[in-house]
Q: 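Below is one structure. I have some questions about it.
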Amino acid sequence: MVEPTAATIEEAASLLRKGGLVAFPTETVYGLGGDATSERAVAAIFEAKGRPKFNPLIAHVVDVADARRFVQWSEAADRLAARFWPGPLTFVLPRAERSAIALLTTAGLDTVAIRAPLHPVAQALIRAAGLPLAAPSANRSGAVSPTRADHVADSLGERVPLILDGGPCLVGVESTVLDLTGPTPVLLRPGGATREAIEVVVGPVELSDALPTGSAIRSSPGQLESHYAPSRPVRLEARQVSPDEGLLAFGPHPPAGAVMTCNLSPAGDLAEAAANLFAYMRALDRPGIGRIAVMPIPQTGLGVAINDRLRRAAADDGTRGRG
Ligand code: TXA
Ligand code: MG
């Protein structure tokens, strides 16, 4: 783990240009970055994460001009970028003709997911490398996403040679993924940019069937796996707790009786809750706690992204504990 300075960012950029991997902070979660134009670098990302199959990754760029080199930009993307970039909103757009993005980055799809992160260290790193960076969350596949540099070290250890420590992530949940390839934008993954705020800019947005409330896989292949999973079972909508449970609380009146309580936001603030979500899930995933009980979170604004991650954490598909 190193402090981001001009020297360490240049060292990281040079590692990336050679096809190496670097973990770096974004405003959403820490990413495990590699050269998005190199099949070999992207293969190394999948290997380090232990991803069972090749889900498409997001290409991280510095701004709209950078993005236009790799995707067929659109009018809706322009308006949304003016409001949200750099920031926690990812666009899925058709691959540009002769786009340099590696096929493995997009898992062979003819579309590319692209975003410009806000975090100054991410911006500096992409600029210094002079490359678009493919970067999934910097954790072993299926595990809780990292919002601090030590989460990355705990999860990936020696698999990542360099971790830039930019402190805790301010947003705390991943970017919103929005498919802009059709006539109406489709929300593929709720995240740091809320549907309400997006609709102010582009009008009505459709919800993907792949969201946990829907039934079938739409076009975001990474969507239905058990994800964000602690090694302990997770129980949602908890209004009481039993004595073997750790409580992930929300709001001013958590029920008493848990082994340990972590309150996402005693004030009931959803932005604060999102920023604390993954760190508190990790804190409760410890010996002495049999199960993690989670209080109800309002399904509005950032609460939609929080509830999406919690439902996936609670989904038991038999891979729990795999890490
Ligand atoms: O906040 C974030 O987005 C973080 C930070 C590091 O930027 N990254 C992240 O990456 O969450 P990852 O790989 O965990 O999630 C990428 C999401 C997946 O749901 C994937 O299915 C979707 O984007 N995706 C990527 N390319 C796609 C494409 N061409 N079409 C549809 N969905 C795509
Ligand atoms: Mg992830």
Side-chain angles (χ1 to χ4, degrees), residues 21-34 36 42 45-46 48-51 53-61 70-72 84-95 99 101-119 121-123 125-126 132-147 151-152 155-156 164 166 169-182 185-193 208 210-212 217-229 274 278 305 308-309 312-313:
L21 305 186
V22 172
F24 65 96
T26 81
E27 71 282 11
T28 59
V29 301
Y30 275 73
L32 179 61
V42 177
I45 294 175
F46 285 114
K49 281 189 65 89
R51 265 208 185 172
K53 55 177 211 259
F54 293 155
N55 298 326
L57 304 181
I58 296 169
H60 295 71
V61 294
F70 307 112
V71 295
Q72 293 175 36
F84 292 99
W85 275 21
L89 179 59
T90 295
F91 304 131
V92 173
L93 287 163
R95 176 184 272 280
S99 173
I101 300 295
L103 288 174
L104 203 47
T105 301
T106 62
L109 298 173
D110 53 11
T111 54
V112 177
I114 198 155
R115 91 169 178 106
L118 175 63
H119 198 292
V121 173
Q123 281 277 333
L125 182 65
I126 301 165
L133 298 184
S137 53
N139 53 273
R140 293 285 283 170
S141 181
V144 179
S145 297
T147 52
H151 297 164
V152 180
S155 192
L156 293 174
L164 291 170
C169 301
L170 290 180
V171 176
V173 290
E174 290 84 347
S175 62
T176 300
V177 180
L178 194 65
D179 183 342
L180 293 179
T181 59
V186 180
L187 187 77
L188 298 179
R189 178 178 74 179
S208 163
L211 298 175
I217 298 183
R218 185 141 167 168
S219 54
S220 202
Q223 287 293 305
L224 282 186
E225 277 165 60
S226 157
H227 225 122
Y228 312 103
F278 293 136
D308 172 80
R309 305 308 186 269
R312 289 172 201 281

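For the single chain, residues carry numbers from 1 onward in sequence order. Whatever order the structure lists ligands and atoms in, that order sets their numbers, starting from 1. All values below come from the heavy atoms of this structure, side chains included, with hydrogens, waters and symmetry mates left out.
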Q: Could you list which atoms of ligand 1 come closer than 4.0 Å to a heavy atom of Val92?
A: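 This gives 30 (N), 31 (C) as the contact atoms.
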
Q: For ligand 1, which atoms, with element, lie under 4.0 Å from some heavy atom of Ala113?
A: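 Going through ligand 1 atom by atom, the ones under 4.0 Å from Ala113 are 25 (C), 26 (N), 27 (C).
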
Q: Quick check: does any side chain N or O of Arg115 sit under 3.5 Å from a backbone N or O of Gly87, one acting as donor and the other as acceptor?
A: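 Pair found, side chain donor or acceptor close to backbone of Gly87.
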
Q: Any idea which part of His119 is under 4.0 Å from ligand 1, heavy-atom wise: side chain, backbone, both or neither?
A: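 The answer is neither.
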
Q: Is it true that a side-chain atom of Ser155 and a backbone atom of Asn139 form a donor plus acceptor pair closer than 3.5 Å?
A: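 Between the backbone of Asn139 and the side chain of Ser155 there is no qualifying donor-acceptor contact (under 3.5 Å).
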
Q: With heavy-atom distances below 4.0 Å as the criterion, list the atoms of ligand 1 near Thr111.
A: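 The atoms of ligand 1 under 4.0 Å from a heavy atom of Thr111 are 28 (C), 29 (N), 30 (N).
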
Q: Between ligand 1 and Lys49, can you find any atom pair, the residue atom being a heavy atom, that is separated by under 4.0 Å?
A: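 It does not, in that no heavy atom of Lys49 comes within the 4.0 Å cut-off of ligand 1.
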
Q: Verify, without hydrogens or angle tests, whether Tyr30 (side chain) and Gly166 (backbone) share a donor-acceptor contact under 3.5 angstrom.
A: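 Indeed, once roles are kept as given, a pair shorter than 3.5 Å links the two residues.
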
Q: Quick check on Pro117 - does any of its heavy atoms sit under 4.0 Å from an atom of ligand 1?
A: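 Distance cut 4.0 Å: Pro117 fails for ligand 1.
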
Q: For Pro136, take its heavy atoms, then give the atoms of ligand 1 lying under 4.0 Å from any of them.
A: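 With Pro136 as reference, the close atoms of ligand 1 come out as 10 (O), 12 (P), 13 (O).
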
Q: Please work out, at 4.0 Å between heavy atoms, whether the side chain, the backbone, both, or neither of Leu188 comes within that distance of ligand 1.
A: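 The answer is the side chain of Leu188.
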
Q: Would you mind listing which atoms of ligand 1 come within a distance below 4.0 Å of any non-hydrogen atom of Ala135?
A: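 Answer, ordered by atom number: 6 (C), 8 (N), 10 (O).
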
Q: Compare Gly31, Pro56, Pro146 and give the one whose heavy atom is closest to atom 26 (N) of ligand 1.
A: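 Shortest heavy-atom distance from atom 26 (N) of ligand 1: Pro56.
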
Q: So, taking the atom named CZ in Phe91 and the one named CG in Leu178, what distance separates them when rounded to the nearest 0.5 Å?
A: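 These two atoms lie 7.0 Å from each other.
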
Q: Does ligand 1 have an atom that lies less than 4.0 angstrom from a heavy atom of Thr106?
A: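 It does not; every heavy atom stays at 4.0 Å or beyond.
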
Q: Kindly indicate, with the supporting measurements, whether the criterion side chain to side chain contact (heavy atoms under 4.5 Å, CB included) is fulfilled by Arg309 and Phe278.
A: CA-CA 9 Å; Arg309 305 308 186 269; Phe278 293 136; 4.0 Å; yes

Q: Check this for me - ligand 1, His60, N or O atoms closer than 3.5 angstrom, yes or no?
A: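 Such a contact does occur with ligand 1.
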
Q: Evaluate the criterion side chain to side chain contact (heavy atoms under 4.5 Å, CB included) for residue pair Thr111 and Thr106; output intermediate values, then yes/no.
A: CA-CA 7 Å; Thr111 54; Thr106 62; over 6 Å; no

Q: Could you name the option among Arg95, Arg51, Glu27 that has the heavy atom nearest to atom 14 (O) of ligand 1?
A: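 Heavy atom nearest to atom 14 (O) of ligand 1 belongs to Arg51.
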
Q: Just jot down the ligand 1 atoms closer than 4.0 angstrom to any heavy atom of Leu109, in number order.
A: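 So the answer, numbered in order with elements, is 28 (C), 29 (N), 30 (N).
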
Q: Keeping the roles fixed (side chain from Gln123, backbone from Pro117), state whether a donor-acceptor pair exists under 3.5 Å.
A: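 A pair under 3.5 Å: yes.
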
Q: Quick check: does Ser137 put an N/O/S atom under 2.8 Å from the Mg ion (ligand 2)?
A: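 It does: Ser137 brings an N, O or S atom closer than 2.8 Å to the Mg ion (ligand 2).
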
Q: Taking N or O atoms only and a 3.5 Å limit, does Tyr30 qualify as a polar contact for ligand 1?
A: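 Not met; the criterion fails.
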
Q: Between Arg51 (side chain only) and Gly142 (backbone N and O only), is there a donor and an acceptor less than 3.5 Å apart?
A: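 Absent.
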
Q: Of the side chain and backbone of Arg189, name the one, both, or neither that has a heavy atom under 4.0 Å from an atom of ligand 1.
A: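 Near ligand 1, Arg189 shows its side chain, while the N, CA, C and O stay back.
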
Q: Would you say that more than 12 heavy atoms from the other residues, nucleotides or ligands in this model lie under 6.0 Å from the CG of Leu118, or not?
A: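 Atom CG in Leu118 is crowded, with more than 12 foreign heavy atoms closer than 6.0 Å.
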
Q: Just let me know how Thr28 lines up against ligand 1, side chain, backbone, both or neither, with a heavy-atom cut-off below 4.0 Å.
A: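 For Thr28, only side-chain atoms sit under 4.0 Å from ligand 1.
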
Q: Run through Ile58, Ile45, Asn55 and flag the one making a side-chain contact (heavy atoms from CB on, under 4.5 Å) with Pro136.
A: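 For Pro136, the side-chain contact (heavy atoms from CB on, under 4.5 Å) check succeeds only for Ile45.
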
Q: With rounding to the nearest 0.5 angstrom, report the CG to OG distance, Asp110 to Ser99.
A: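 Output value for this atom pair is 11.5 Å.
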
